[in-house]
Amino acid sequence: MSKTIIISNRLPLQINIENDNLEVTPSVGGLATGLKSFHKEGDSIWIGWSGMPEEEIPEHLIEDVKIKAREEDCVAVNLTNDEIDGFYYGFSNRTVWPLFHYFMEYTESDDWYWETYKRVNQKYAEEVLKHYEEGDHIWVHDYQLLLVPNMIREHAPEAIIGFFNHIPFPSYEVFRTLPWREEVLEGVLGADLIGFHTYDYERHFLSSVSRILRHQVDFNEITLPDRIVKVDSFPMGIDYDKFEKAALNHFENTAEDKSELQRRLDHHLKATPDAKLILSLDRLDYTKGIANRLRAFEFFLDKYPEFIEKVRLVMLAVPSRSNVPQYQRLKREIDELVGRINGKFSTVSWTPIWYFYRSMPFENLIDLYTSCDIALLTPIRDGMNLVAKEYVATRTDHTGVLILSEMAGAAHEMNEAILINPNNFDQMAKALKQAFEMPREEQIERNKMLQKRLKRYSVEKWAQDFMKALRNTEDNRQAFEASRISPAVLNDLKESYQKAKSRILFLDYDGTLVNFTDKPENASPDEELKVLISELINQENTEVVLISGRDKDTLGNWWQETPVELISEHGTWVRKINGEWQLSENVKNDWMEAVRPVIENFVDRTPGTFIEEKNYSLAWHFRKADPQLGERRANELSNVLKELISNRGLSVLEGNKVLEIKSSGVNKGKSASKKIGGRDFDFIFALGDDWTDEYMFKELPEKAITVKVGIKQTSARYYVEDTKKVRNLLRAFAGKE
Ligand code: ADP
Ligand code: G6P
């Protein structure tokens, strides 16, 4: 039976040692609390850090830690103090966390952090591989483990790997400042499916992939040389039933059952029945906007003094990452702000802020959620914010008002909340007033709509949707029609090649025999390739034709010394071995004068593009342009050209990052068929990477062995991943492998 392997930096449980005994407490944070219920119900194991430095676990308790973890279907990864410093406090929380939340001034670039991050990611990947069996689904979580997907893929190429990013993904302009941006993207791209909370994070990621790695991105699919990676948004929900039930049970509590906190809250509510409680609850993190929230609360009391003694801010800040200087500074800032505001407004019988800096058990969270009339959650930037959803779910009588920052991922799904900009104090003050005065019916109406959505898109549904999409990527792999040239297929092809009495090979050049380069003139053949082609030609009864879109002069010069037949410009020219170039069709070039200025206009407007002028065709290259702008302009130009050239016997070919205008009736398929000319070859072979090669794949006789380079839609029978694999294949034909 296949299982799911969940892997995240932290386990959902935190193990501590108190008086030589192991103590287990739940971990705080959206990832751990959200995924816990999915883990409990399914057939899964969860790999992550126990939360303790390895050095602090006495030898005689090491086994017990493992057992405690195993009881919860978890596998504890041990991290040393050094690893925790460089990986967790370092690269994860001083580089990625601030950068991805747009706090560029907090972002540190330190080589040692990066080296440790890589090492620890490797450690996690190795732990996964120890437990991995074919057919398992691997689900990697969050920004601490960005390199893990590819590290797993390197050792288990067939593995089905999902990755979910629980924090924002910043815009390309911000992400590009990271010194290790390529490595980070390549690490994540080891996954088959990459998930984000919102569409904005998804499109930022896609834009970085296409601009930095220059991979082909079509809608939400990224084409890598050997795989297709899918990217999608899945907004994480909460365990709705758990919160609803907890709230209902809470109201059943007798006076004795109530917590100390609830008694104090009750006391306050009884003493001041008109007063309202405002809840503020987060990890103490600079992204949560706690300081601004306090300032906005001060602004509110200044602007609307009628609320003095009528409201109280109940603020719970859960200690977090306290080794990082920014968190320490924030703690001091909050302490001072609370002190100052309380000092400024307190009366004999009233303090405006109740401040708790500690972690609280689940039942106290429920006490707070159910007792507070307003929740004020104002992150500067937040991947999702589950607290907002939990607050709404626990309001079983449908009252209560949520004021939520529009910068939280959750805001996209919570339109019925009062959405605010966390940098606008006046707006926040007005929102508090509006919340205070909101009629009960309106509260109920808004809450019901919010609850309905939260109930439907619970964390269970979220996890199911992600896993379903992950399984679909597996189906996509199988549905891919062309077969990969695996070692076994390669052997078969080699055998048929050797058995054949007469052979002909049509080989495309750019993107097939050599990689693309920034400038077309830089792609000349290397020595190894020339030797390889000569060796093929020297075999008996073997014809080799290089069939390319290139202009005849460049191609001719490059292959001056090697006696190989050339077809250039998609079939416009043919040069037999040791022969002269001959025009193969009745083609014209008198149309060029009219068409060139139109393309020039696109070159002027689209930086990075240029015209390649051939004898009988014009090509507009946009490989170096901004990818999105390039695609858009290519579409536009294609339409303009089609209009311009209609009835002129011309056609527009759409190649790999190139548009080419040439005489109709000339294409690689026609030229290849003409070359065969009714002769009966035992082994017909065609190899090419782009759209123009599809003509060959379609027109050659059915028995032809047609091979596409790269994973793309194709009518070829086989595919190979890249030009390196092409060389292996040709070496095998040459008897070299
Ligand atoms: P983040 O993931 O940035 O911490 P979220 O709001 O998405 O922010 O998630 C916080 C999670 O931590 C919520 O599920 C909340 O219930 C939980 N949590 C917050 N405070 C505590 C606490 N004191 N004890 C246990 N869980 C807590
Ligand atoms: C956020 C992150 C989680 C992290 C949590 C708590 O929710 O997305 O990956 O676990 O904060 O932070 P901590 O550093 O304590 O694990």
Side-chain angles (χ1 to χ4, degrees), residues 6-14 25-37 46 48-51 79 84 87-94 96-98 100-101 140-146 163-169 196-197 201 235-240 242-243 246-247 259 261 279-290 314-324 327 356-369 375 377-394 402 404-405 407-411 414 454 459 462:
I6 300 172
I7 156 163
S8 67
N9 169 46
R10 210 182 258 291
L11 286 176
L13 45 97
Q14 162 94 23
T25 49
S27 298
V28 184
L31 189 166
T33 55
L35 259 182
K36 212 155 37 181
S37 39
W46 190 326
W49 174 42
S50 64
L79 299 182
I84 295 169
F87 156 73
Y88 174 70
Y89 288 116
F91 198 75
S92 299
N93 288 316
R94 291 197 208 189
V96 185
W97 178 272
F100 281 31
H101 285 86
V140 185
H141 289 268
D142 228 358
Y143 67 100
Q144 302 92 343
L145 304 178
L146 294 165
F163 177 82
F164 196 89
N165 197 56
H166 290 258
I167 66 172
F169 195 91
F196 295 93
H197 284 308
Y201 309 155
M236 188 183 198
I238 56 166
D239 185 344
Y240 189 89
K242 177 174 125 185
F243 282 92
S259 67
L261 174 67
L279 173 68
S280 155
L281 194 165
D282 340 62
R283 275 183 310 101
L284 191 95
D285 196 301
Y286 51 82
T287 61
K288 300 287 182 181
I290 304 171
V314 183
M315 194 168 92
L316 172 60
V318 182
S320 181
R321 305 172 196 166
S322 40
N323 275 17
V324 178
Y327 289 72
F356 305 91
Y357 174 64
R358 69 182 82 131
S359 195
M360 283 193 185
F362 181 70
E363 60 163 333
N364 285 154
L365 287 190
I366 302 297
D367 295 339
L368 291 173
Y369 285 150
L377 303 171
T378 58
I380 307 287
R381 210 49 85 164
D382 202 340
M384 173 48 76
N385 198 297
L386 294 182
V387 167
K389 295 185 171 181
E390 292 168 2
Y391 173 71
V392 169
T394 53
L402 170 65
L404 178 62
S405 162
M407 309 298 172
M414 303 187 91
L454 292 178
V459 71
W462 167 80

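Counting convention: from 1, in listed order, for ligands and their atoms alike.
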Open item on the list: For ligand 2 and Asn9, I'd like to know whether there is a polar contact (N/O to N/O, distance under 3.5 Å).
Closed with: no
Task: Per-atom contacts, ligand 2 versus Arg283 - under 4.0 Å to a heavy atom - done: 1 (C), 6 (C), 11 (O)
Task: Closest contact, heavy atoms only, Pro168 versus Asp382 - done: CG-C, 4.2 Å
Open item on the list: Is there a side-chain contact between Met315 and Tyr357 in this structure, where contact means two heavy atoms from C-beta onward sitting under 4.5 Å apart?
Closed with: no
TODO: Among all protein heavy atoms, pick out the one at the shortest distance from atom 7 (O) of ligand 2; state its residue, atom name and that distance to 0.1 Å.
DONE: Gly30 N, 3.5 Å
Open item on the list: Under a 3.5 Å threshold, yes or no: a donor from one side chain and an acceptor from the other, between Tyr327 and Arg283?
Closed with: no
TODO: Give a yes or no answer on whether the side chain of Ser405 reaches the backbone of Pro379 with a donor-acceptor pair at less than 3.5 Å.
DONE: yes
Open item on the list: For atom 2 (O) of ligand 1, what is the closest protein heavy atom, and at what distance to 0.1 Å?
Closed with: Gly30 N, 2.7 Å
TODO: Return yes if some donor-acceptor pair links the side-chain N/O of Ser92 with the main-chain N/O of Phe87 below 3.5 Å, else return no.
DONE: yes
Open item on the list: List ligand 2 atoms under 4.0 Å from His166, heavy atoms only on the residue side.
Closed with: 8 (O)
Task: Contact check, Gln144 vs ligand 2, heavy-atom distance below 4.0 Å - done: yes
- [ ] With atom 2 (C) of ligand 2 as the reference point, say which of Asp142, Asn165, Leu31, Val318 has the nearest heavy atom.
- [x] Asp142
Task: Closest approach of any protein heavy atom to atom 12 (O) of ligand 2, naming residue and atom - done: Arg321 NH2, 2.8 Å
- [ ] Considering non-hydrogen atoms only, spot the tightest contact between Met414 and Leu454 and give its length.
- [x] CE-CD1, 4.3 Å
TODO: Considering only non-hydrogen protein atoms, determine which one is nearest to atom 12 (O) of ligand 1 and report residue, atom name and distance to 0.1 Å.
DONE: Gly29 N, 3.1 Å
Task: Closest approach of Met384 to Ala408 (non-hydrogen atoms, all atoms of both residues) - done: O-CB, 3.7 Å
Open item on the list: Can you name the atoms of ligand 1, numbered from 1 with element, that are less than 4.0 Å from a heavy atom of Ser359?
Closed with: 22 (C), 23 (N), 24 (N)
- [ ] Check whether any side-chain heavy atom of Asp239 sits under 4.5 Å from a side-chain heavy atom of Thr33, and report yes or no.
- [x] no
Open item on the list: I'd like to know whether the aromatic ring centres of Phe243 and Phe362 sit less than 6.0 Å apart in this structure.
Closed with: yes
Open item on the list: To check your reading of the model: name the closest protein heavy atom to atom 14 (O) of ligand 2, its residue, and the distance in Å.
Closed with: Tyr88 OH, 2.5 Å
Task: Closest protein heavy atom to atom 18 (N) of ligand 1, given as residue, atom name and distance to 0.1 Å - done: Val28 CG1, 3.5 Å
Task: Nearest-neighbour protein heavy atom for atom 26 (N) of ligand 1, which is reported as residue plus atom name and distance - done: Leu365 CD1, 3.8 Å
Task: Nearest neighbour in protein (non-hydrogen) for atom 15 (C) of ligand 1 - done: Glu390 OE1, 3.3 Å
Open item on the list: Checking a contact table here: which protein heavy atom is nearest atom 1 (P) of ligand 1, and how many Å away?
Closed with: Lys288 NZ, 3.5 Å
Open item on the list: If you measure every N or O of Ser27 against every N or O of ligand 1, does any of those distances drop under 3.5 Å?
Closed with: no
Task: Interfacing atoms of ligand 1 (cut-off 4.0 Å, heavy-atom, Val387) - done: 6 (O)
Task: Gap between atom CG of Leu316 and atom CG of Leu281 - 0.5 Å precision - done: 4.5 Å
Task: Proximity of Leu281 to ligand 1 by residue part, where a heavy atom lies under 4.0 Å - done: side chain
Open item on the list: Is any side-chain heavy atom of Ile380 closer than 4.5 Å to one of Met407?
Closed with: no
Open item on the list: Test your reading of the structure: does Arg10 have an N or O sitting under 3.5 Å from an N or O of ligand 2?
Closed with: yes
Open item on the list: Testing the basics here: between Arg10 and Tyr88, what is the closest heavy-atom pair and its distance to 0.1 Å?
Closed with: NH2-OH, 3.2 Å
TODO: Around atom 7 (O) of ligand 1, find the nearest protein heavy atom and jot down its residue, atom name and distance.
DONE: Leu386 N, 2.9 Å
Task: Nitrogen or oxygen of Arg283 less than 3.5 angstrom from that of ligand 1 - done: yes
Open item on the list: Tell me the protein heavy atom at minimum distance from atom 20 (N) of ligand 1, and give that distance in Å.
Closed with: Val318 CG2, 3.5 Å
Task: Contacting atoms of ligand 2, where contact means under 4.0 angstrom from a heavy atom of Ile167 - done: 8 (O)
Open item on the list: Treating Asp142 as the side-chain partner and His166 as the backbone partner, does any N or O pair qualify as donor plus acceptor under 3.5 Å?
Closed with: yes
Open item on the list: Is Met360 close enough to touch ligand 1? Criterion: a residue heavy atom under 4.0 Å from a ligand atom.
Closed with: yes
Open item on the list: Would you compute the distance between atom CH2 of Trp46 and atom NZ of Lys36 and round it to the nearest 0.5 angstrom?
Closed with: 8.0 Å
